[in-house]
Visitor: 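Before I ask anything, let me first share the structure, which is written out below as structure tokens.
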Amino acid sequence: MSYNIYEINEDLKEFIPKEIVDLQERATWGNPKRGVMDLPYSKELVEEHSLCAGCPESAALRYILASLPNPEDTIIVNSTGCTSLVFPHIALHTVHSLFGNQNAVASGIKRVLEIRFPDKVKDVVVLAGDGATVDIGLDCTLQSFFRQERITTICFDNEVYANTGGQESGLTVKGYVFKMAPKGKQFDKVPMWQLAIDSGCHYVARLTVSSPKRVEQVIKKAIYVAREVGPTYVHLYTPCILEIGLNSDDGLEEMRNRDKERFAFFEYMTPHAEEVINKVKEECLL
Amino acid sequence: MYYVARVINDECSKYNCKQCTLFCPEPNTLMYNDEKHHAYVNEERCKGCALCVYVCEHLLKRNAIKMVMPEVHAD
């Protein structure tokens, strides 16, 4: 794939929607130094979508898509969840897998791309919710780590099955009550970031999306390490403001509060991953 | 109909922070005009969450953005 696929025939330009013209003229393709500081000026790779007003997941998607170092050669694999509502509006290759098998699908895509395009860098990024990553898809997620697949897995943790009405998930905090979990969660939140480390991930981070620049740094590190070393895992707290009873302008404050406790910034990297990150920093790409 | 964000240009242009453009959850909704030195809202894209007002008023202690009923819906 090349970003030239968005090049519009000049004779047809007057009939093309403005958003598509903008993708050609104002989007940040072909620049590995792209980042969240382009957001105030450039055309983003995500269009209008139907996530709720004030949804932190929506902000997370903005930051992630702005941070991809190589968007024209990035394939995103996603799974069922609120994020499914966004992927049809993204100007990248996306694959919607069955619920839970996103890491297996991504592994296959990555291997085939390495055979088909041996001289090109192709990044495969999994974006899925906590249900897909940790409950229904835990098997596929961990197996891809065990096999050392060179993919980046990003988990949007909202601590509940939000778009099906509020059932508890493995990442729900112990004791939390939701509309369809009236007795409260009976066991502890699964420490997925720790499982990722124990399963062989070379770069692991846990954070909220309250700091766009930090999200950019983490996503770039995860992708560069996945390219050259092995699996990487990013755990993002993106609370469902509706399910936890907050107003649309409360999401950021909720994340800032969690920054100080169970989602305090945590980063792990192997020595090999650190070498890669230092090399990328020397090239001023981080 | 619902309220949308609107930037108070004179107030916004005193600063160069662009923080609201980063924290707005919607893509290409709150943008920045470098020539005029202020943010602006694409009102037809705004979902009215008021997160930008929280950022400007509560976090930055400024008063450069407010929620208004868009003129097209005023009557």
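Throughout, a chain's letter reflects where its sequence line sits, starting with A, and its residues are numbered from 1.
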Visitor: Determine yes or no for a side-chain-to-main-chain donor-acceptor pair under 3.5 angstrom, with A/Y41 supplying the side chain and A/R26 the backbone.
Guide: no
Visitor: Picking from A/I241, A/L45, A/L51, which has the most non-hydrogen pairs under 4.5 angstrom with chain B?
Guide: A/L51
Visitor: What residues of residues 46-53 of chain B sit under 4.5 Å from chain A when you count only heavy atoms?
Guide: B/K47, B/G48, B/C49, B/A50, B/L51
Visitor: With a 4.5 angstrom heavy-atom cut-off, is it the side chain or the backbone of B/Y54 that approaches chain A, or both, or neither?
Guide: side chain
Visitor: Salt bridge or not between B/E26 and A/R62? Use side-chain N to carboxylate O under 4.0 Å.
Guide: no
Visitor: Contact part of B/C24 toward chain A, heavy-atom cut-off under 4.5 Å: side chain, backbone, both or neither?
Guide: both
Visitor: Are the side chain of A/T172 and the backbone N or O of A/K189 linked by a donor-acceptor pair below 3.5 Å?
Guide: no
Visitor: Does B/R62 make a cation-pi contact with B/Y15 (under 6.0 Å, within 45 degrees of the axis)?
Guide: yes
Visitor: Select one option (side chain, backbone, both, neither) describing which atoms of A/E57 are under 4.5 Å from chain B's heavy atoms.
Guide: neither
Visitor: How are the rings of A/W193 and A/H235 set relative to one another: parallel (under 30°), tilted (30 to 60°) or perpendicular (over 60°)?
Guide: perpendicular
Visitor: Under the side-chain contact (heavy atoms from CB on, under 4.5 Å) test, which residues partner B/N28, sequence neighbours left out?
Guide: A/K43, A/E44, B/M31, B/R45
Visitor: Against the six-membered ring of A/Y203, is A/K221 placed for a cation-pi contact (under 6.0 Å from the centre, within 45° of the normal)?
Guide: no
Visitor: Side-chain contact test, heavy atoms from C-beta onward, threshold under 4.5 Å: evaluate it for A/V95 versus A/N78 and give yes or no.
Guide: no
Visitor: So that I can tick it off, tell me whether A/R256 and A/E253 are bridged by a salt bridge, with the cut-off set at under 4.0 angstrom between side-chain N and carboxylate O.
Guide: no
Visitor: Is chain B contacted by the side chain of A/H89, its backbone, both, or neither, given a heavy-atom distance below 4.5 Å?
Guide: neither
Visitor: With a 4.5 angstrom heavy-atom cut-off, could you sort out which part of B/E44 is near chain A: side chain, backbone, both or neither?
Guide: backbone
